[in-house]
Amino acid sequence: MKRNVSIQNLLIHLILIIYCIVVLAPLIIVLSGSLRHVGNNQNFLNLFTQFSLESYQVAFQRMNFWQAFLNSVMTTGGSLIIIVIIGSAAAYPISRIKSKLSRFLYYFFIAGLVIPAQMTIIPVTQMISTLNIPNTRFTPMLMFITCSLPFTTFLYTGFLKGVPVEVEEAAYIDGANLCKRFFNIVFPLLKPATVSVIITQGIWIWNDYFFPMVFVSKTKQYSLPVALLQFLGDKENPAQWTVLFAACILCALPLIILFGIFQKQFVNGVAAGAVKG
């Protein structure tokens, strides 16, 4: 019996090691290639043959890193604030009011998870053009917010069903109105759900290049993923792979630093979302 358990544990560890190698190998190759001199496109499987920051300097200047970084922060941060406020506020009456209308609204939001956002891009683009909405860094936020609300409302509704109504009764007796009861009592209890929303939707919004590429027309307002596309090259101007690798590292670096600082909160938020969502 013990021998079977040890063999099983050995197989599990072997599978996990192989999985880690498969996942980490491309990242190590990219990091190694980014530390080469510009134009050194020799076999990238020869790891860490050079240690130079020249590719990072070229990528940093060409992509106008600080401006693109600021655009990404504004787009991601602004979208997340609105998503959290609207999503939690919409989930509150859906979870508290027991009626056919609230049930319909719940399934209505869930239905939004089935429809890919790319399917609606043509009519949405025409509508934005008809309404004369300018193509700025804030225009993609409309799509980010609307595409994130179904999942956000679904997640908050599941958490709110686990929050007993009794926690609001004392505030209700003291004369607190609906807004005070929600924001002062209920919303702080939704911290795990809020962290889960910020992680899942924030990473998607930060890494998304489709909506900014479609709706943003000025180069100075590009986000980091869109600024990264200029390094791909074409037939006339082949890609400089070392610079492209350095640009990829620069785009991922803010998220890596953020995860390192708030690692505990991220792990707790994902674990809580997996249990209650």
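Side chains are part of it too, since the values below use all heavy atoms of this structure and drop only hydrogens, waters and symmetry mates. Being a predicted model, the structure only gives us computed values, none of them experimental.
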From [X] atom [atom1] to [Y] atom [atom2], the distance as rounded to the nearest 0.5 Å:
X      : Y      : atom1 : atom2 : result
Ile198 : Lys191 : CD1   : NZ    : 10.0 Å
Thr75  : Trp206 : OG1   : CH2   : 9.5 Å
Ile205 : Asp208 : CD1   : CG    : 8.5 Å
Asn9   : Leu14  : CG    : CG    : 12.5 Å
Tyr222 : Met213 : OH    : CE    : 9.5 Å
Ile185 : Leu190 : CD1   : CG    : 12.0 Å

Closest heavy-atom contact between [X] and [Y]?
X      : Y      : result
Cys147 : Pro150 : O-CD, 3.6 Å
Met63  : Cys251 : CE-SG, 3.7 Å
Leu250 : Pro254 : O-CD, 3.1 Å

*Could you go step by step and tell me if Val38 and Val243 meet the side chain to side chain contact (heavy atoms under 4.5 Å, CB included) rule?*
CA-CA 7 Å; Val38 176; Val243 179; 4.0 Å; yes
*Apply the test side chain to side chain contact (heavy atoms under 4.5 Å, CB included) to residues Val216 and Val226: give CA-CA distance (whole Å), side-chain angles for both, the deciding distance (0.1 Å), then the verdict.*
CA-CA 10 Å; Val216 178; Val226 180; over 6 Å; no
Is there a side-chain contact between [X] and [Y] (heavy atoms, below 4.5 Å)?
X      : Y      : value
Ser34  : Tyr56  : yes
Val186 : Arg181 : no
Pro225 : Leu228 : no
Phe109 : Thr157 : no
Ser88  : Thr194 : no
Phe138 : Met74  : yes
Phe215 : Leu142 : no
Tyr92  : Tyr156 : no

*Evaluate the side chain to side chain contact (heavy atoms under 4.5 Å, CB included) criterion for residues Leu35 and Thr242: first the C-alpha distance (whole Å), next the side-chain angles of each, then the deciding distance (0.1 Å), finally the verdict.*
CA-CA 7 Å; Leu35 294 174; Thr242 56; over 6 Å; no
Return yes when atom [atom1] of [X] has more than 12 non-hydrogen atoms of other residues, nucleotides or ligands closer than 6.0 Å, and no otherwise.
X     : atom1 : value
Tyr19 : OH    : no
Ile12 : CD1   : yes
Arg62 : CZ    : yes

Donor-acceptor under 3.5 Å ([X] side chain, [Y] main chain):
X      : Y      : answer
Ser32  : Phe48  : yes
Gln50  : His37  : yes
Thr146 : Met143 : yes
Ser95  : Leu160 : no
Ser55  : Arg36  : yes
Ser102 : Ile97  : yes
Ser79  : Thr76  : no
Asn71  : Lys220 : yes

Count I, L, V, M, F, W, Y as connected when their side-chain heavy atoms are under 4.5 Å apart, and connections chain through other members. Are [X] and [Y] then in the same cluster?
X      : Y      : result
Val23  : Leu31  : no
Tyr107 : Phe154 : yes
Val58  : Trp66  : yes
Ile121 : Leu131 : yes
Leu16  : Ile21  : no

_If the test is side-chain contact (heavy atoms from CB on, under 4.5 Å), which one of Ile83, Ile82, Ile81 qualifies with Ile85?_
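That would be Ile81.
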*Between Tyr106 and Thr153, do the side chains contain an N or O donor and an N or O acceptor separated by less than 3.5 Å?*
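Distance-only check fails for Tyr106 and Thr153.
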*Under 3.5 Å, is there a donor-acceptor pair between the Tyr209 and Ser223 side chains?*
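Checked: Tyr209/Ser223 side chains show no N/O donor-acceptor pair below 3.5 Å.
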*Please assess Thr130 against Met127 for the test side chain to side chain contact (heavy atoms under 4.5 Å, CB included), listing each intermediate value before the final yes or no.*
CA-CA 5 Å; Thr130 303; Met127 181 183 66; 5.6 Å; no
*Taking the inter-plane angle between the rings of Trp241 and Phe245 on a 0 to 90° scale, is it parallel (under 30°), tilted (30 to 60°) or perpendicular (over 60°)?*
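Tilted: the ring planes of Trp241 and Phe245 meet at 30° to 60°.
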